[in-house]
Amino acid sequence: MSAATVSRSMPKRKAATPARPRRRLGPPAPQPLPPGLPRAWYEDHNRRLKAMRLAIVLLDSGNYLPQQATNRRIRSVASRIGIHRPSAVTCRAVRSLLA
């Protein structure tokens, strides 16, 4: 028997599939803010973003009620996660998000 007549069954390799993009973990990439709006709009927008970040951390730590989120607790959470000390207005916004 010659080598040409012996057929070895070699497993066929699959064709290389294109790599799927991996999902990014964490928050989405920040988008640039629209230009030309009044300064108060930007301040309010950033305040709402800060309140939302603080509310998420409070919910993750087990504070589900607005009564549990005192100004002192909100400010201590902010310093723990590296956010500037929130104002009383921002603390009120955090409590309204928890309600």
Side-chain angles (χ1 to χ4, degrees):
M1 200 187 276
S2 70
T5 59
V6 176
S7 65
R8 294 184 184 174
S9 61
M10 297 289 289
K12 292 185 179 181
R13 291 188 179 192
K14 291 184 178 180
T17 57
R20 291 189 304 184
R22 292 183 178 241
R23 293 177 101 186
R24 232 177 72 110
L25 297 178
Q31 300 292 320
L33 294 176
L37 296 174
R39 181 176 174 86
W41 184 90
Y42 296 105
E43 291 171 356
D44 189 46
H45 176 75
N46 289 331
R47 177 172 283 127
R48 284 180 294 188
L49 290 177
K50 181 187 245 184
M52 198 171 3
R53 284 193 297 268
L54 289 168
I56 290 169
V57 172
L58 284 168
L59 288 170
D60 288 343
S61 67
N63 298 299
Y64 302 113
L65 300 174
Q67 296 85 5
Q68 295 173 322
T70 61
N71 285 0
R72 178 178 285 177
R73 179 168 287 161
I74 292 170
R75 289 176 177 146
S76 69
V77 164
S79 67
R80 193 174 354 134
I81 63 174
I83 297 177
H84 285 281
R85 184 178 188 269
S87 66
V89 175
T90 305
C91 291
R92 235 179 327 202
V94 170
R95 283 189 287 277
S96 72
L97 287 171
L98 293 176

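All residue numbers in this chain count up from 1 along the given sequence.
Using a 4.5 Å heavy-atom cutoff, the side chains of Leu54 and Ile81 are in contact. Between Arg75 and Pro86 the shortest side-chain heavy-atom distance falls below 4.5 Å.
Partners of Arg39 under the side chain to side chain donor-acceptor pair (under 3.5 Å) rule, at least two apart in sequence or in another chain, are Glu43.
Screening Leu59, Ile74, Leu65 for a side-chain contact (heavy atoms from CB on, under 4.5 Å) involving Leu98 leaves a single residue, Leu59.
When atom types are taken as modelled, the side chain of Arg95 and the backbone of Ala69 share a donor-acceptor pair closer than 3.5 angstrom.
Hydrophobic clustering places Val77 together with Ile83 (ILVMFWY residues linked when any side-chain heavy atoms are closer than 4.5 Å, directly or through intermediates). Residues Tyr42 and Val89 are members of separate hydrophobic clusters, defined by side-chain heavy-atom contacts under 4.5 angstrom among Ile, Leu, Val, Met, Phe, Trp and Tyr.
Sorted by first and then second residue, the salt bridge (Lys or Arg N to Asp or Glu O under 4.0 Å) pairs involving residues 45-64 (not counting sequence neighbours) are Asp44-Arg48.
The closest side-chain donor-acceptor pair between Thr90 and Ser87 falls under 3.5 angstrom.
Once rounded to the nearest 0.5 Å, the distance linking CD1 of Ile56 with OG of Ser61 reads 12.0 Å. With rounding to the nearest 0.5 Å, the separation of SG in Cys91 from CZ in Arg85 is 7.5 Å.
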